[in-house]
Participant: 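Just dropping this structure here.
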Amino acid sequence: MFWLGVGGKEKGISLHSSKFSPDESVIVPAVKLVGEYISNL
Amino acid sequence: MVYIPGTEGKKAIGWRTDIDGLPTNEEAGLPFASKHKGAMHACGHDIHMTVALGLLEYVLQNKQKNNILILFQPAEEGPGGEREMYDNVIEPKYKVNEFYALHDSPEWEPGIITTKVGELFAGIAAVKVDFIDTPGHGAMPHMTRDPLIAAASFLLEVQTLISRNLNPFDAEVLTFGTINGGTAANSVAKSCELTGTLRIGSKESLEFSKKRILDIAQGVAKAIDVKVNVEIYDAYSPVINSPEITNKFMNWMKSRTDFKFQEAPITMTSEDFGYILK
(Lines give C-alpha, C1' and ligand atoms only; values in the text may rest on other atoms or scores of the structure.)
Protein backbone atom coordinates (compact mmCIF):
# COMPACT_ATOMS: atom_id res chain seq x y z
CA MET A 1 0.00 0.00 0.00
CA PHE A 2 1.19 3.51 -0.67
CA TRP A 3 0.10 7.11 -0.22
CA LEU A 4 -0.80 9.23 -3.22
CA GLY A 5 -0.29 12.92 -2.52
CA VAL A 6 -3.36 14.89 -3.59
CA GLY A 7 -2.70 18.14 -1.75
CA GLY A 8 -5.91 20.04 -1.29
CA LYS A 9 -7.46 23.18 -2.68
CA GLU A 10 -7.60 24.54 0.84
CA LYS A 11 -4.80 23.78 3.31
CA GLY A 12 -5.34 22.07 6.61
CA ILE A 13 -8.56 20.27 5.78
CA SER A 14 -8.53 16.59 6.65
CA LEU A 15 -9.68 13.64 4.57
CA HIS A 16 -12.70 13.17 6.82
CA SER A 17 -13.82 16.76 6.44
CA SER A 18 -17.01 17.59 4.56
CA LYS A 19 -15.07 20.40 2.86
CA PHE A 20 -12.07 18.45 1.64
CA SER A 21 -11.42 18.84 -2.07
CA PRO A 22 -8.30 17.19 -3.50
CA ASP A 23 -6.33 18.30 -6.51
CA GLU A 24 -8.05 15.97 -8.96
CA SER A 25 -5.45 16.66 -11.68
CA VAL A 26 -3.39 13.94 -10.06
CA ILE A 27 -5.87 11.20 -10.99
CA VAL A 28 -4.97 10.64 -14.65
CA PRO A 29 -1.19 10.49 -14.00
CA ALA A 30 -1.85 8.14 -11.07
CA VAL A 31 -3.85 5.78 -13.25
CA LYS A 32 -1.04 5.79 -15.82
CA LEU A 33 1.52 5.16 -13.08
CA VAL A 34 -0.33 2.22 -11.57
CA GLY A 35 -1.25 0.79 -14.96
CA GLU A 36 2.36 0.84 -16.13
CA TYR A 37 3.59 -0.65 -12.88
CA ILE A 38 1.13 -3.52 -13.02
CA SER A 39 1.90 -4.13 -16.68
CA ASN A 40 5.56 -4.35 -15.74
CA LEU A 41 5.13 -7.07 -13.11
CA MET B 1 -15.03 -7.23 -8.32
CA VAL B 2 -13.59 -7.63 -11.82
CA TYR B 3 -11.31 -10.49 -12.87
CA ILE B 4 -9.43 -10.18 -16.14
CA PRO B 5 -7.50 -13.28 -17.29
CA GLY B 6 -4.01 -12.49 -18.56
CA THR B 7 -2.42 -13.69 -21.79
CA GLU B 8 0.04 -15.85 -19.82
CA GLY B 9 -1.80 -16.07 -16.52
CA LYS B 10 1.19 -17.30 -14.52
CA LYS B 11 0.32 -15.08 -11.60
CA ALA B 12 -2.47 -12.83 -10.44
CA ILE B 13 -2.16 -9.19 -9.41
CA GLY B 14 -4.79 -7.63 -7.19
CA TRP B 15 -5.78 -3.98 -6.89
CA ARG B 16 -8.19 -2.89 -4.20
CA THR B 17 -10.29 0.21 -3.70
CA ASP B 18 -12.80 1.01 -0.98
CA ILE B 19 -16.20 2.22 -2.15
CA ASP B 20 -18.20 3.01 0.98
CA GLY B 21 -19.24 6.44 2.21
CA LEU B 22 -19.26 8.24 5.54
CA PRO B 23 -22.26 9.81 7.29
CA THR B 24 -21.25 13.37 6.39
CA ASN B 25 -22.78 16.13 4.27
CA GLU B 26 -20.38 17.06 1.48
CA GLU B 27 -19.82 20.81 1.53
CA ALA B 28 -16.90 21.18 -0.88
CA GLY B 29 -19.02 22.89 -3.51
CA LEU B 30 -17.63 20.68 -6.25
CA PRO B 31 -19.70 19.80 -9.32
CA PHE B 32 -19.20 16.11 -8.54
CA ALA B 33 -20.04 16.42 -4.83
CA SER B 34 -22.42 13.91 -3.29
CA LYS B 35 -26.10 14.60 -3.93
CA HIS B 36 -27.13 12.44 -0.99
CA LYS B 37 -27.74 14.34 2.22
CA GLY B 38 -25.75 12.90 5.09
CA ALA B 39 -23.57 10.68 2.92
CA MET B 40 -20.37 11.32 1.00
CA HIS B 41 -17.36 9.41 -0.20
CA ALA B 42 -15.03 11.02 2.29
CA CYS B 43 -11.63 9.82 3.46
CA GLY B 44 -10.47 9.85 -0.15
CA HIS B 45 -12.72 7.04 -1.27
CA ASP B 46 -13.88 9.06 -4.28
CA ILE B 47 -10.29 9.34 -5.51
CA HIS B 48 -9.61 5.68 -4.73
CA MET B 49 -12.63 4.58 -6.76
CA THR B 50 -11.83 6.86 -9.66
CA VAL B 51 -8.26 5.56 -9.89
CA ALA B 52 -9.52 1.96 -9.75
CA LEU B 53 -12.03 2.60 -12.52
CA GLY B 54 -9.28 4.25 -14.55
CA LEU B 55 -7.04 1.26 -13.92
CA LEU B 56 -9.78 -1.09 -15.05
CA GLU B 57 -10.08 0.86 -18.28
CA TYR B 58 -6.28 0.80 -18.67
CA VAL B 59 -5.94 -2.98 -18.28
CA LEU B 60 -8.84 -3.58 -20.66
CA GLN B 61 -7.18 -1.39 -23.28
CA ASN B 62 -3.68 -2.77 -22.67
CA LYS B 63 -3.55 -6.56 -22.62
CA GLN B 64 -1.91 -7.88 -19.48
CA LYS B 65 0.22 -11.01 -19.27
CA ASN B 66 -0.85 -11.53 -15.63
CA ASN B 67 -4.36 -12.15 -14.38
CA ILE B 68 -5.78 -8.97 -12.84
CA LEU B 69 -8.30 -8.79 -10.03
CA ILE B 70 -9.76 -5.37 -9.24
CA LEU B 71 -11.62 -5.36 -5.97
CA PHE B 72 -14.23 -2.70 -5.23
CA GLN B 73 -14.64 -3.25 -1.53
CA PRO B 74 -17.50 -2.09 0.71
CA ALA B 75 -17.42 -1.26 4.41
CA GLU B 76 -13.82 -0.11 4.78
CA GLU B 77 -14.85 2.38 7.43
CA GLY B 78 -16.52 -0.41 9.35
CA PRO B 79 -17.22 -3.10 10.17
CA GLY B 80 -14.27 -4.46 8.21
CA GLY B 81 -15.53 -5.31 4.73
CA GLU B 82 -12.10 -6.55 3.68
CA ARG B 83 -12.34 -9.61 5.88
CA GLU B 84 -15.73 -10.58 4.42
CA MET B 85 -14.57 -10.10 0.84
CA TYR B 86 -11.26 -11.87 1.32
CA ASP B 87 -12.42 -14.85 3.36
CA ASN B 88 -15.62 -15.53 1.43
CA VAL B 89 -14.76 -14.57 -2.14
CA ILE B 90 -11.15 -13.85 -2.94
CA GLU B 91 -9.22 -16.46 -1.02
CA PRO B 92 -11.43 -19.44 -1.94
CA LYS B 93 -11.73 -18.52 -5.63
CA TYR B 94 -8.66 -16.55 -6.71
CA LYS B 95 -5.00 -17.04 -5.99
CA VAL B 96 -3.67 -13.49 -5.90
CA ASN B 97 0.12 -13.35 -5.72
CA GLU B 98 0.50 -9.62 -5.09
CA PHE B 99 -2.12 -7.21 -3.81
CA TYR B 100 -1.79 -3.43 -4.09
CA ALA B 101 -3.78 -0.40 -3.00
CA LEU B 102 -3.32 3.32 -2.55
CA HIS B 103 -4.67 5.85 -0.11
CA ASP B 104 -4.74 9.49 -1.08
CA SER B 105 -3.40 12.09 1.31
CA PRO B 106 -3.69 15.86 1.62
CA GLU B 107 -0.55 15.73 3.78
CA TRP B 108 1.50 15.16 0.63
CA GLU B 109 1.61 17.45 -2.36
CA PRO B 110 0.28 16.23 -5.71
CA GLY B 111 2.99 14.34 -7.56
CA ILE B 112 4.39 12.67 -4.47
CA ILE B 113 4.17 8.94 -3.85
CA THR B 114 5.22 7.68 -0.47
CA THR B 115 5.36 4.35 1.30
CA LYS B 116 7.64 2.23 3.44
CA VAL B 117 8.58 -1.36 4.13
CA GLY B 118 6.83 -2.77 7.19
CA GLU B 119 4.11 -1.04 9.14
CA LEU B 120 2.49 1.85 7.30
CA PHE B 121 -0.87 2.09 9.11
CA ALA B 122 -1.45 1.15 12.73
CA GLY B 123 -3.72 -1.65 13.86
CA ILE B 124 -6.73 -0.83 16.01
CA ALA B 125 -8.27 -2.39 19.05
CA ALA B 126 -11.58 -1.00 20.29
CA VAL B 127 -11.85 -0.64 24.06
CA LYS B 128 -14.97 -0.45 26.23
CA VAL B 129 -14.74 -0.18 30.01
CA ASP B 130 -17.93 -0.11 32.05
CA PHE B 131 -17.85 0.58 35.78
CA ILE B 132 -21.07 -0.46 37.50
CA ASP B 133 -22.35 -0.58 41.05
CA THR B 134 -24.81 0.75 43.56
CA PRO B 135 -26.63 4.00 42.65
CA GLY B 136 -28.30 6.22 45.16
CA HIS B 137 -28.91 9.71 46.49
CA GLY B 138 -25.99 12.10 46.13
CA ALA B 139 -26.47 13.23 49.72
CA MET B 140 -25.87 9.68 51.00
CA PRO B 141 -22.63 8.55 49.38
CA HIS B 142 -22.02 5.97 52.10
CA MET B 143 -25.06 4.06 50.77
CA THR B 144 -23.65 3.89 47.24
CA ARG B 145 -20.67 2.73 45.19
CA ASP B 146 -19.77 5.44 42.70
CA PRO B 147 -18.75 4.31 39.18
CA LEU B 148 -17.97 7.90 38.08
CA ILE B 149 -15.12 8.13 40.58
CA ALA B 150 -13.76 4.84 39.26
CA ALA B 151 -14.07 6.00 35.65
CA ALA B 152 -12.25 9.26 36.43
CA SER B 153 -9.48 7.42 38.23
CA PHE B 154 -9.16 4.83 35.46
CA LEU B 155 -8.95 7.50 32.78
CA LEU B 156 -5.92 9.02 34.48
CA GLU B 157 -4.25 5.76 35.52
CA VAL B 158 -4.49 4.21 32.07
CA GLN B 159 -2.42 7.07 30.62
CA THR B 160 0.60 5.34 32.15
CA LEU B 161 0.25 2.55 29.59
CA ILE B 162 1.72 4.78 26.88
CA SER B 163 3.86 7.04 29.08
CA ARG B 164 5.40 4.39 31.34
CA ASN B 165 4.84 0.86 30.06
CA LEU B 166 5.50 0.92 26.32
CA ASN B 167 8.76 1.57 24.52
CA PRO B 168 8.86 5.29 23.58
CA PHE B 169 10.33 4.33 20.20
CA ASP B 170 7.23 2.33 19.35
CA ALA B 171 4.36 4.32 17.89
CA GLU B 172 1.27 3.79 20.04
CA VAL B 173 -1.84 5.81 20.79
CA LEU B 174 -4.60 5.26 23.33
CA THR B 175 -7.52 7.67 23.19
CA PHE B 176 -10.78 7.48 25.08
CA GLY B 177 -13.31 9.43 23.07
CA THR B 178 -16.47 8.94 25.12
CA ILE B 179 -17.39 8.81 28.77
CA ASN B 180 -21.01 8.43 29.74
CA GLY B 181 -22.63 7.94 33.10
CA GLY B 182 -25.31 9.32 35.34
CA THR B 183 -28.70 10.89 34.84
CA ALA B 184 -29.04 13.55 37.55
CA ALA B 185 -26.76 16.05 39.26
CA ASN B 186 -27.81 14.94 42.73
CA SER B 187 -27.59 11.17 42.18
CA VAL B 188 -24.79 8.65 42.25
CA ALA B 189 -24.86 6.92 38.88
CA LYS B 190 -25.47 3.25 38.36
CA SER B 191 -22.76 2.95 35.71
CA CYS B 192 -20.16 4.86 33.78
CA GLU B 193 -18.91 3.65 30.43
CA LEU B 194 -15.77 4.74 28.59
CA THR B 195 -15.02 3.84 24.98
CA GLY B 196 -11.70 4.29 23.28
CA THR B 197 -9.35 3.30 20.52
CA LEU B 198 -5.95 1.72 20.85
CA ARG B 199 -3.66 2.26 17.84
CA ILE B 200 -0.70 0.01 17.92
CA GLY B 201 1.95 -1.58 15.74
CA SER B 202 3.17 -4.96 16.87
CA LYS B 203 1.10 -7.92 17.97
CA GLU B 204 3.26 -8.19 21.09
CA SER B 205 2.55 -4.59 22.12
CA LEU B 206 -1.13 -5.09 21.39
CA GLU B 207 -1.41 -8.15 23.62
CA PHE B 208 0.59 -6.44 26.36
CA SER B 209 -1.58 -3.31 26.15
CA LYS B 210 -4.82 -5.28 26.31
CA LYS B 211 -3.64 -7.00 29.47
CA ARG B 212 -2.51 -3.71 31.05
CA ILE B 213 -5.84 -2.01 30.33
CA LEU B 214 -7.64 -4.95 31.91
CA ASP B 215 -5.30 -4.95 34.92
CA ILE B 216 -5.65 -1.19 35.47
CA ALA B 217 -9.45 -1.31 35.16
CA GLN B 218 -9.70 -4.20 37.61
CA GLY B 219 -7.22 -2.56 39.97
CA VAL B 220 -9.15 0.70 40.00
CA ALA B 221 -12.43 -1.17 40.46
CA LYS B 222 -11.01 -2.97 43.47
CA ALA B 223 -9.63 0.26 44.96
CA ILE B 224 -12.95 2.12 44.56
CA ASP B 225 -15.00 -0.99 45.42
CA VAL B 226 -17.10 -1.17 42.27
CA LYS B 227 -17.58 -3.79 39.57
CA VAL B 228 -16.13 -3.47 36.07
CA ASN B 229 -16.63 -5.06 32.66
CA VAL B 230 -13.87 -4.68 30.10
CA GLU B 231 -14.22 -5.48 26.41
CA ILE B 232 -11.30 -5.15 24.03
CA TYR B 233 -11.52 -6.50 20.52
CA ASP B 234 -9.22 -6.27 17.53
CA ALA B 235 -10.88 -4.07 14.95
CA TYR B 236 -8.32 -3.67 12.16
CA SER B 237 -4.96 -5.29 11.52
CA PRO B 238 -2.00 -3.00 10.90
CA VAL B 239 -1.04 -2.46 7.27
CA ILE B 240 2.34 -4.16 6.99
CA ASN B 241 4.01 -3.89 3.61
CA SER B 242 6.12 -6.88 2.64
CA PRO B 243 9.82 -6.06 2.06
CA GLU B 244 10.01 -7.91 -1.26
CA ILE B 245 7.02 -6.29 -2.93
CA THR B 246 7.53 -2.87 -1.39
CA ASN B 247 11.21 -2.67 -2.32
CA LYS B 248 10.30 -3.64 -5.87
CA PHE B 249 7.67 -0.90 -5.97
CA MET B 250 9.94 1.72 -4.40
CA ASN B 251 12.84 0.96 -6.76
CA TRP B 252 10.50 1.26 -9.71
CA MET B 253 9.08 4.51 -8.35
CA LYS B 254 12.53 6.01 -7.97
CA SER B 255 13.10 5.51 -11.68
CA ARG B 256 10.05 7.61 -12.57
CA THR B 257 10.27 11.24 -13.52
CA ASP B 258 6.54 12.02 -13.44
CA PHE B 259 6.19 11.36 -9.69
CA LYS B 260 8.54 12.05 -6.83
CA PHE B 261 9.08 9.29 -4.30
CA GLN B 262 9.57 9.85 -0.58
CA GLU B 263 9.91 7.39 2.28
CA ALA B 264 6.74 7.49 4.44
CA PRO B 265 6.51 7.61 8.20
CA ILE B 266 4.13 5.30 10.03
CA THR B 267 0.67 6.77 10.59
CA MET B 268 -1.73 6.14 13.45
CA THR B 269 -4.73 6.05 11.16
CA SER B 270 -5.91 2.63 10.06
CA GLU B 271 -6.94 0.79 6.92
CA ASP B 272 -8.61 -2.58 6.65
CA PHE B 273 -6.42 -3.42 3.65
CA GLY B 274 -4.15 -4.72 6.42
CA TYR B 275 -6.32 -7.83 6.56
CA ILE B 276 -5.31 -8.89 3.05
CA LEU B 277 -1.64 -8.15 3.66
CA LYS B 278 -1.74 -10.19 6.86
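Chain letters run A, B, ... following the sequence lines, proteins first and then strands; every chain starts at 1.
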Participant: For B/Ile68, is it the side chain, the backbone, both or neither that has a heavy atom under 4.5 Å from a heavy atom of chain A?
Facilitator: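 Answer is side chain: those atoms of B/Ile68 sit under 4.5 Å from chain A.
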Participant: Give, as side chain, backbone, both or neither, the part of B/Val51 having an atom under 4.5 angstrom from any heavy atom of chain A.
Facilitator: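 Contact with chain A involves both backbone and side-chain atoms of B/Val51.
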Participant: Counting only heavy atoms closer than 4.5 Å, note whether B/Ile13 contacts chain A via side chain, backbone, both or neither.
Facilitator: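 Contact with chain A is through the side chain of B/Ile13 alone.
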Participant: Which atom names give the shortest non-hydrogen contact between B/Met40 and A/Ser17, and what distance separates them?
Facilitator: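 Result for this residue pair: CE-O, 3.9 Å.
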Participant: Where does B/Gln262 contact chain A at under 4.5 Å (heavy atoms): side chain, backbone, both or neither?
Facilitator: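 When you check distances to chain A, no heavy atom of B/Gln262 falls under 4.5 Å.
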Participant: Just wondering, do B/Tyr58 and A/Ile38 contact through their side chains at under 4.5 Å, heavy atoms?
Facilitator: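 They are not in contact (no side-chain heavy atoms under 4.5 Å apart), so the answer is no.
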Participant: Counting N and O atoms only, with roles assigned by atom type, does the side chain of B/Asn66 sit under 3.5 Å from a partner on the main chain of A/Leu41, one being a donor and the other an acceptor?
Facilitator: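 Between the backbone of A/Leu41 and the side chain of B/Asn66 there is a qualifying donor-acceptor contact (under 3.5 Å).
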Participant: If you count every heavy atom of other residues, nucleotides or ligands that lies below 6.0 Å from B/Lys116 atom NZ, does the total exceed 12?
Facilitator: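 Count over threshold, so yes.
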Participant: With a 4.5 angstrom heavy-atom cut-off, could you sort out which part of B/Phe249 is near chain A: side chain, backbone, both or neither?
Facilitator: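 Both parts, backbone and side chain.
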Participant: What are the two closest heavy atoms between B/Leu55 and A/Val31, and how far apart are they?
Facilitator: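 Minimum heavy-atom contact is N-CG1, 3.8 Å.
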Participant: Find out whether A/Met1 and B/Leu102 are in side-chain contact, i.e. whether some heavy atom of one side chain is under 4.5 Å from a heavy atom of the other.
Facilitator: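 Result no, sub-4.5 Å side-chain heavy-atom pair not found.
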Participant: So which heavy atom on A/Val34 is nearest to which on B/Trp15, and how close?
Facilitator: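 Minimum heavy-atom separation between A/Val34 and B/Trp15: CG1-CZ3, 3.6 Å.
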Participant: For chain A, find which of B/Thr114, B/Leu277, B/Ile112 contributes the most heavy-atom pairs closer than 4.5 angstrom.
Facilitator: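 Option with the greatest count: B/Thr114.
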Participant: Pick one of side chain, backbone, both or neither for B/Ser34, based on which atoms fall under 4.5 Å of a heavy atom in chain A.
Facilitator: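 No part of B/Ser34 comes within 4.5 Å of chain A.
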Participant: I need the residue from B/Lys260, B/His45, B/Glu77 with the largest number of non-hydrogen atom pairs under 4.5 Å to chain A.
Facilitator: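 Of the options given, most contacts go to B/Glu77.
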Participant: Can you name the nearest heavy-atom pair linking A/Phe20 to B/Pro106, along with the distance?
Facilitator: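 It is CE1-CB, 3.4 Å.
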Participant: So what's closer than 4.5 Å to chain A heavy atoms on B/Ser105: side chain, backbone, both or neither?
Facilitator: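 Both parts, backbone and side chain.
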Participant: Please name the pair of heavy atoms, one in B/Thr24 and one in A/Ser18, separated by the smallest distance, quoted to 0.1 Å.
Facilitator: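 For B/Thr24 and A/Ser18, the tightest heavy-atom pair comes out as CG2-CB, 3.5 Å.
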Participant: Using a 4.5 Å cut-off on heavy atoms from C-beta on, say whether the side chain of A/Trp3 contacts that of B/Ile113.
Facilitator: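 Sidechains of A/Trp3 and B/Ile113: no contact.
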Participant: Does A/Phe2 reach the side chain of B/Met253, with side-chain heavy atoms less than 4.5 Å apart?
Facilitator: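 No, their side chains stay 4.5 Å or more apart.
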Participant: Tell me, for B/Asn62 versus chain A, whether the close heavy atoms (under 4.5 Å) come from the side chain, the backbone, both or neither.
Facilitator: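 Contact with chain A: none, neither part.
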Participant: So what's closer than 4.5 Å to chain A heavy atoms on B/Glu107: side chain, backbone, both or neither?
Facilitator: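 Interface part for B/Glu107: neither.
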Participant: Pick one of side chain, backbone, both or neither for B/Met250, based on which atoms fall under 4.5 Å of a heavy atom in chain A.
Facilitator: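 For B/Met250, neither part sits under 4.5 Å from chain A.
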Participant: Answer with side chain, backbone, both or neither: which region of B/Leu120 has an atom nearer than 4.5 Å to a non-hydrogen atom of chain A?
Facilitator: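 It is the side chain, since no backbone atom gets that close.
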Participant: Is B/Glu57 in contact with chain A via its backbone, its side chain, both, or neither, using a 4.5 Å heavy-atom distance?
Facilitator: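 For B/Glu57, no heavy atom lies under 4.5 Å from chain A.
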Participant: Heavy-atom distance under 4.5 Å to chain A: side chain of B/Lys248, backbone, both or neither?
Facilitator: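 Its backbone and side chain both get close to chain A.
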Participant: When rounded to the nearest 0.5 angstrom, what is the spacing between CD in B/Glu26 and OG in A/Ser21?
Facilitator: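 If we round to the nearest 0.5 Å, B/Glu26:CD and A/Ser21:OG are 9.0 Å apart.
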Participant: In plain terms, say whether A/Glu36 and B/Arg256 are close enough for a salt bridge, that is, a side-chain N and a carboxylate O under 4.0 Å apart.
Facilitator: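 Counted as a salt bridge, because a side-chain N and a carboxylate O are separated by less than 4.0 Å.
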Participant: Could you tell me whether B/Glu263 atom CD has more than 12 heavy atoms of other residues or ligands within 6.0 Å of it?
Facilitator: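 Buried by this count: over 12 neighbours within 6.0 Å.
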Participant: Are the side chains of B/Pro110 and A/Val6 in contact, using a 4.5 Å heavy-atom criterion?
Facilitator: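 Side-chain contact under 4.5 Å: no.
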Participant: Can you tell me how far CG of B/Asp104 sits from CD of A/Glu24, rounded to the nearest 0.5 angstrom?
Facilitator: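 Interatomic distance, A/Glu24 CD to B/Asp104 CG, rounded to 0.5 Å: 11.5 Å.
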Participant: With a 4.5 angstrom heavy-atom cut-off, which part of B/Ala264 approaches chain A: side chain, backbone, both or neither?
Facilitator: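 Side chain only.
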Participant: If we define contacts as heavy-atom pairs under 4.5 Å, which of B/Ala28, B/Gly44, B/Ala42, B/Cys43 has the most with chain A?
Facilitator: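 The candidate making the most pairs under 4.5 Å is B/Cys43.
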Participant: To check you understand the geometry: which heavy-atom pair defines the closest contact between B/Ile47 and A/Pro22, and what is its length?
Facilitator: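 Shortest heavy-atom contact: CD1-CG, 3.6 Å.
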